[in-house]
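Everything on this sheet refers to the single structure shown next.
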Amino acid sequence: IITGGDSGLGRAAAVAFVKEGAKVVIPYYDEHRDAMETKEYIEKLGGQCELLSGDISDKNFCKYIVDFTLKKFGKIDILVNNAGIAIDTLVEDKTKDNFIKTLEVNTIAPFLLMKKIGLKMKENKYGNIVNISSTNGIDTIYPESLDYDASKAALISVSKNMAQYLAPYVRVNTVC
């Protein structure tokens, strides 16, 4: 599973995994054209790609992603939490809704997926989770991105905690 695998870094990851023989499930939000281009490219490589359209911040969609993948493939070996948003605005224009939405997509959805998938991986005694964070979560300061920065710092912390909890069978890493 590679969230946000329809474009950019997520697409590159999906293609790399397919070239190594993986079957990929790509949950994406609203870029249907990008998603279809990615699927077509992967299929031209001889790979298998399933697309799931929905809002990653919706816990029911997160559950659907996991249920669909387990039904289709029987197991999940790798989860890449790549989907993310940034709602950059001046601090005085930033709203509570902006902040909450950013946290839901960038931190809470990865946690929900890590929890559900990670526990299955731990049960199977194998799995890898890669969370895509940002240097903004460590030491980069942009006041117009303070919600994004906070969400990426939180993702780093959640990743460290999940790595401890799921060890020794599941590796959890964060890329910034």
Using a cut-off of 6.0 Å, state whether more than 12 heavy atoms not belonging to Lys23 lie near its atom NZ. no
Leu90 vs Asp93 side-chain heavy atoms within contact, under 4.5 Å: yes
Quick one: do Ser159 and Asn131 satisfy side chain to side chain donor-acceptor pair (under 3.5 Å)? Show the steps, please. CA-CA 7 Å; Ser159 299; Asn131 294 313; 2.8 Å; yes
Between Thr174 and Ser133 the two heavy atoms that sit nearest each other are CG2-CB, 3.4 Å
Straight-line distance of Leu166 CG to Asn161 CG, nearest 0.5 Å: 10.5 Å
Residue pair Gln48 / Lys72, side-chain heavy-atom distance below 4.5 Å: yes
Among all residues two or more places apart in sequence or in another chain, which pass the side chain to side chain contact (heavy atoms under 4.5 Å, CB included) test with Lys160? Ile156
If you compare all heavy atoms of Ala14 against all heavy atoms of Ile42, which two are closest, and at what distance to 0.1 Å? CB-CD1, 4.0 Å
In this structure, would Leu79 and Val158 fall into the same cluster of hydrophobic residues linked by side-chain contacts under 4.5 Å? yes
Lys75: what forms a side chain to side chain contact (heavy atoms under 4.5 Å, CB included) with it, not counting sequence neighbours? Asp77
Mind telling me whether Phe61 and Tyr64 have parallel, tilted or perpendicular rings, with 30° and 60° as the class edges? parallel
Which atoms form the tightest heavy-atom contact between Ile56 and Ala83, and what is the distance? CG2-CB, 4.5 Å
Before giving the answer on salt bridge (charged side-chain N to carboxylate O under 4.0 Å, His left out), spell out for Asp55 and Lys101 the whole-Å C-alpha distance, their side-chain angles and the decisive distance to 0.1 Å. CA-CA 11 Å; Asp55 184 351; Lys101 185 65 174 180; 2.8 Å; yes
Please determine whether residues Leu155 and Ile132 belong to a single hydrophobic cluster, defined as Ile, Leu, Val, Met, Phe, Trp and Tyr linked transitively by side-chain heavy-atom distances below 4.5 Å. no
Does Lys94, at its NZ atom, have more than 12 non-hydrogen atoms belonging to other residues, nucleotides or ligands within less than 6.0 Å? yes
Identify the heavy atoms of Asp149 and Ile141 that sit nearest to each other, and give their distance. OD2-CA, 4.2 Å
Could you go through Asp67 and Thr69, starting from their C-alpha distance and side-chain angles, then the distance that decides it, and tell me whether this counts as side-chain contact (heavy atoms from CB on, under 4.5 Å)? CA-CA 6 Å; Asp67 293 345; Thr69 306; over 6 Å; no
So which atom in Ser151 and which in Thr107 form the shortest heavy-atom distance, rounded to 0.1 Å? O-OG1, 2.7 Å
Ser134 (side chain) donor-acceptor with Gly137 (main chain) under 3.5 angstrom: no
The single option from Ile2, Asp34, Ile26 passing side-chain contact (heavy atoms from CB on, under 4.5 Å) against Arg11: Asp34
same_hphob_cluster(Val66, Ile129) at 4.5 Å side-chain heavy-atom cutoff: yes
Are Thr38 and Tyr28 close enough that some pair of their side-chain heavy atoms sits under 4.5 Å apart? no
Any non-hydrogen side-chain atom of Met36 less than 4.5 Å from a side-chain atom of Glu40? yes
Single-linkage hydrophobic cluster, 4.5 Å side-chain cutoff, Met162 and Val80 together: no
Would you say the side chain of Pro27 lies within less than 4.5 Å of the side chain of Ile1, judging by non-hydrogen atoms? yes
Other than Tyr148, what residues sit in its cluster of Ile, Leu, Val, Met, Phe, Trp and Tyr side chains whose heavy atoms are under 4.5 Å apart, directly or through others? none
How long is the span from the CD atom in Glu31 to the CG atom in Asp6, to the nearest 0.5 Å? 7.0 Å
Could you walk me through whether Met121 and Ile117 pass side-chain contact (heavy atoms from CB on, under 4.5 Å), step by step? CA-CA 6 Å; Met121 289 175 168; Ile117 294 169; 3.5 Å; yes
Heavy atoms only: give me the nearest Asn98-Ile87 pair and the separation to one decimal. ND2-CG2, 3.7 Å
Applying the side chain to side chain donor-acceptor pair (under 3.5 Å) criterion to Ser145, which one of Asp88, Thr102, Thr89 satisfies it? Asp88
Check: Asp58 side chain, Gly54 main-chain N or O, donor-acceptor pair, under 3.5 Å: no
Within 45 degrees of the axis of the six-membered ring of Phe68 and under 6.0 Å from its centre: does Lys63 put its NZ or CZ there? no
Would you indicate whether the side-chain heavy atoms of Met114 and Asn81 approach each other to under 4.5 Å? yes
Please lay out, stage by stage, how Val130 and Val175 fare under the test side-chain contact (heavy atoms from CB on, under 4.5 Å). CA-CA 7 Å; Val130 178; Val175 176; 3.9 Å; yes
Please check if the number of heavy atoms outside Tyr41 that lie under 6.0 Å from its OH is greater than 12. no
Can you measure from OG1 (Thr3) to CG (Leu52) and round to the nearest 0.5 angstrom? 11.5 Å
Side chains of Leu70 and Ile76 in contact at under 4.5 Å (non-hydrogen atoms): yes
Side chains of Tyr29 and Ser53, heavy atoms from C-beta outward: is any pair under 4.5 Å? no
Note: Lys39-Glu43 ion pair, threshold 4.0 Å (strictly below): yes
Supply the atom-to-atom distance Asn124 CG to Leu119 CG, rounded to the nearest 0.5 angstrom. 11.0 Å
According to a hydrophobic-cluster definition based on side-chain heavy atoms being under 4.5 Å apart (Ile, Leu, Val, Met, Phe, Trp, Tyr only), do Phe73 and Tyr126 belong together? no
Pair Ile85-Asn106, side-chain contact (heavy atoms from CB on, under 4.5 Å): steps then yes or no: CA-CA 7 Å; Ile85 63 167; Asn106 295 354; 4.0 Å; yes
